[in-house]
Amino acid sequence: MNKLEDEVALISLLYSQIAPQPAEAKPRRRRKKNKGGENSLSGFKKRKLSQEQVDALELSFGNEHKLESEKKDRLASQLGLDPRQVAVWFQNRRARWKNKKLQEEFSKLRSVHDGVVLEKCRLESEVMKLKEKLCEAENEIQRLGERVDGPISSLTMEAMDTAFLGEFGGYEDVFYIPENGYNIHGMEWVNLFM
DNA sequence: CTTTTGCCCCATTTACATCA
DNA sequence: ATGATGTAAATGGGGCAAAA
């Protein structure tokens with residue numbers, strides 16, 4: 001029901017971890033004089049960059065994800081491109097990089113999450129087993145009590161409970177299982193992650 | 001202080017390429 | 001050949017900060 005909301009929350013959490021690197025030395029932006037002329041990109045059909053151009057851009061991106069104006073101009077003239085094209089390429093490349101990082105982080109987190117869910121299920125089944133044992137022990141006590149001097153009084157039973165349960169006696173909350181989406185019975189939970 | 005300018009991010013659109 | 005789909009190149013708007 002709120003699965004989508006959960007994912008959105010998770011994505012934005014990841015984003016907040018990846019995107020802003022706050023304590024980063026901010027290289028202040030250089031101001032550039034406008035070269036006045038018309039947009040050289042207008043009126044010409046867009047076409048894929050050549051492999052050589054892409055290789056050079058990738059190489060440059062490997063060094064740094066943001067280009068200073070001078071480097072951008074130099075790279076553009078080296079590759080026979082408009083500086084605007086180089087800037088756009090870097091923007092799109094940063095977006096792709098970020099997306100990839102986000103996906104990597106997401107799958108990492110998901111595998112951790114899966115492990116936690118698995119452990120939770122294991123613990124829950126352990127609790128169930130222990131509860132069964134407790135129940136059997138109580139029944140056994142009752143049987144023994146009846147054999148000794150007839151039906152056991154509720155008062156006596158209460159005393160025995162305390163003796164057996166120790167500090168947990170009477171604390172039903174110990175075995176409380178919250179009514180959230182992960183409260184799945186049997187092995188149904190497995191299907192959620194397949 | 002206000003405006004202008006340059007850059008960035010983001011969402012979206014556009015132009016191709018590939019495949020059934 | 002063609003429509004669906006995917007991807008890279010490009011656009012446009014909004015925000016931020018430096019320069020005018």
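Proteins come first, then strands; the chains are lettered A, B, ... in the order of their sequence lines, and each starts at number 1.
In this structure, A/Q85 does not reach the C/dA9 phosphate: none of its side-chain N or O atoms is under 4.0 Å from OP1 or OP2. Distances shorter than 4.0 Å separate none of the side-chain N or O atoms of A/R93 from OP1 or OP2 on B/dC8. Of the side-chain N and O atoms in A/W89, none sit less than 4.0 angstrom from OP1 or OP2 of C/dA8. Distances shorter than 4.0 Å separate none of the side-chain N or O atoms of A/S69 from OP1 or OP2 on B/dG6. Residue A/R94 places at least one side-chain N or O closer than 4.0 Å to OP1 or OP2 of B/dC9. The side chain of A/K66 places no N or O atom within less than 4.0 Å of a non-bridging phosphate oxygen (OP1 or OP2) of B/dC7.
What separates CZ of A/R96 from C1' of C/dT7 is a distance of 9 Å, to the nearest Å. Between the CD atom of A/Q53 and the C1' atom of C/dA8 there is a distance of 13 Å, rounded to whole Å. Here B/dG6 presents its P atom at 21 Å from CZ of A/F90, a figure rounded to the nearest Å. Straight-line distance from the CG atom of A/N99 to the P atom of C/dG6: 15 Å, rounded to whole Å. Atom NZ of A/K71 and atom P of B/dC7 are 15 Å apart (whole Å). Rounded to whole angstrom, the span from the CG atom of A/L81 across to the C1' atom of C/dA8 amounts to 14 Å. We find that CG of A/N92 is positioned 19 Å from P of C/dG6, with the value rounded to whole Å. Between A/R84 atom CZ and B/dC7 atom P the separation is 10 Å, expressed in whole Å.
The structure places CD of A/E138 at 11.0 Å from CD of A/E136, a figure rounded to the nearest 0.5 Å. Here the straight-line distance linking atom CG of A/L81 with atom CG of A/D73 works out to 12.0 Å at 0.5 Å rounding. Rounding to the nearest 0.5 angstrom, the gap separating the CG atom in A/L67 from the CZ atom in A/R94 is 8.0 Å.
In this structure, A/Q53 contributes its side chain and A/S50 its backbone to a donor-acceptor pair below 3.5 Å.
Nearest-nucleotide mapping onto DNA chain C: of A/V54 and A/Q91, the residue sitting toward the 5' end is A/V54.
Evaluation of the ring-ring contact (aromatic ring centres under 6.0 Å, His included) test over residues 68-90 of chain A, restricted to residues two or more places apart or in two chains, returns A/F61-A/F90.
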